[in-house]
Amino acid sequence: MMTPAEFDTRRRALGLSIEEARFVCAHNGKPVDVRQVRRWANGESPVAQNAIDGLNALEWRMEAMVNQLVETVTKRTMAGPVPLRRYRDQDDLDRSPEGGDLPLGAHAIYVGWAADALAAEGVGVNIVWADAVD
C-alpha cells in the first residue's frame, strides 16, 4: 500500500505533473481522470495498484536509460563535455530520437539523473536546449 504523501512525492520526484501522471497511472491502457490523481494525492481514495505499477515502471525505465547512457558514454573517449539535450515542450521531445515515451517532466528528471551519474564517472556534461544546438 502506498500512502497519499508517498504517491505525491514519487510523482513529483519523477517530474510528473498531475496531467502527465494520469497517463503514467493508466488503467487498462486508458488514462485516469485528473481528479482521480488528485484524490490519490490528497488521501480521498486509496492509491490504486495501477498507479503504483505505473510509477514503478517509469522509474525503472528511467534508471535503465541512465545506466545505458553511462555505459555507452564511458566506453567512448570523447573530447570535451557530453551534451545532454532538454526539450522545451512535449511535441519537440516526441519528435526527437531521444524522446521515446517519457513525459516532458520525467525527461527533465532523467537528464538530471544522467548528468549526476556521468559526473560520478568523471565525465563532463553540458545540459543544453535541443533547439539551441540543432
Side-chain angles (χ1 to χ4, degrees):
M1 172 134 274
M2 181 180 281
T3 68
E6 182 181 359
F7 171 78
D8 195 58
T9 300
R10 288 198 63 212
R11 173 188 68 80
R12 291 170 188 262
L14 291 169
L16 297 174
S17 67
I18 294 280
E19 181 66 28
E20 291 169 332
R22 63 186 293 261
F23 293 97
V24 171
C25 299
H27 182 65
N28 294 329
K30 183 180 176 191
V32 296
D33 190 273
V34 170
R35 292 173 296 196
Q36 183 60 55
V37 176
R38 287 189 178 111
R39 285 192 287 269
W40 291 330
N42 67 26
E44 290 177 20
S45 65
V47 180
Q49 189 61 49
N50 54 287
I52 297 167
D53 293 345
L55 292 177
N56 287 338
L58 176 61
E59 185 170 4
W60 295 332
R61 189 167 67 240
M62 290 168 62
E63 288 174 354
M65 291 171 62
V66 168
N67 292 337
Q68 178 67 39
L69 177 67
V70 169
E71 182 179 329
T72 300
V73 169
T74 56
K75 284 183 179 179
R76 296 181 183 165
T77 304
M78 300 185 81
V82 174
L84 296 179
R85 297 171 193 236
R86 283 280 317 281
Y87 294 87
R88 295 181 193 269
D89 61 50
Q90 188 67 49
D91 288 339
D92 287 346
L93 175 60
D94 290 344
R95 286 191 297 271
S96 78
E98 314 157 37
D101 55 351
L102 289 182
L104 185 65
H107 186 269
I109 298 299
Y110 154 73
V111 169
W113 289 359
D116 290 346
L118 288 168
E121 295 293 324
V123 177
V125 172
N126 277 340
I127 298 174
V128 297
W129 289 115
D131 59 3
V133 295
D134 291 339

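Predicted model only: the values in this text are computed from it and were never measured.
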What are the two closest non-hydrogen atoms of [X] and [Y], and how far apart are they?
X: W113; Y: L14; result: CH2-CD2, 3.9 Å
X: C25; Y: N50; result: O-ND2, 2.7 Å
X: L104; Y: Y87; result: CD1-O, 3.3 Å
X: P103; Y: L16; result: CG-CD2, 3.7 Å
X: L102; Y: Q90; result: O-NE2, 3.2 Å
X: V66; Y: A114; result: CG2-N, 3.9 Å

* Test: D131 and R88 ion pair at under 4.0 Å ->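 Looking at D131 and R88, the cut-off is met.
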Kindly compute the distance separating [atom1] ([X]) from [atom2] ([Y]), expressed to the nearest 0.5 Å.
X: I18; Y: Q36; atom1: CD1; atom2: CD; answer: 11.0 Å
X: S45; Y: R35; atom1: OG; atom2: CZ; answer: 12.0 Å
X: D53; Y: L58; atom1: CG; atom2: CG; answer: 12.5 Å
X: H27; Y: Q49; atom1: NE2; atom2: CD; answer: 11.5 Å
X: L69; Y: Y110; atom1: CG; atom2: OH; answer: 4.5 Å

* Asked: Should V32 and F23 be regarded as members of a common hydrophobic cluster, given that ILVMFWY residues are connected when their side-chain heavy atoms come within less than 4.5 Å of each other, either directly or indirectly?
  ->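 No: no chain of side-chain contacts under 4.5 Å links V32 to F23.
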* **Steps toward salt bridge (Lys or Arg N to Asp or Glu O under 4.0 Å) verdict (E6, R10)** => CA-CA 6 Å; E6 182 181 359; R10 288 198 63 212; 5.0 Å; no
* Evaluation steps, side chain to side chain contact (heavy atoms under 4.5 Å, CB included), between V34 and E19 -> CA-CA 6 Å; V34 170; E19 181 66 28; 3.4 Å; yes
Does any N or O in the side chain of [X] come within less than 3.5 Å of the main-chain N or O of [Y], such that one atom is a donor and the other an acceptor?
X: R85; Y: W129; result: no
X: W40; Y: P46; result: yes
X: E20; Y: A106; result: no

Just so I know, are the side chains of [X] and [Y] near enough to count as touching, which here means a heavy-atom distance under 4.5 Å?
X: N126; Y: L84; answer: no
X: V47; Y: M1; answer: no
X: L93; Y: D89; answer: no

* What residues form a side chain to side chain contact (heavy atoms under 4.5 Å, CB included) with E44, not counting sequence neighbours? ->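 For E44, the residues satisfying side chain to side chain contact (heavy atoms under 4.5 Å, CB included) (neighbours in sequence not counted) are R39, N42.
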* **salt bridge (Lys or Arg N to Asp or Glu O under 4.0 Å) assessment of R61 paired with D101** => CA-CA 10 Å; R61 189 167 67 240; D101 55 351; 3.3 Å; yes
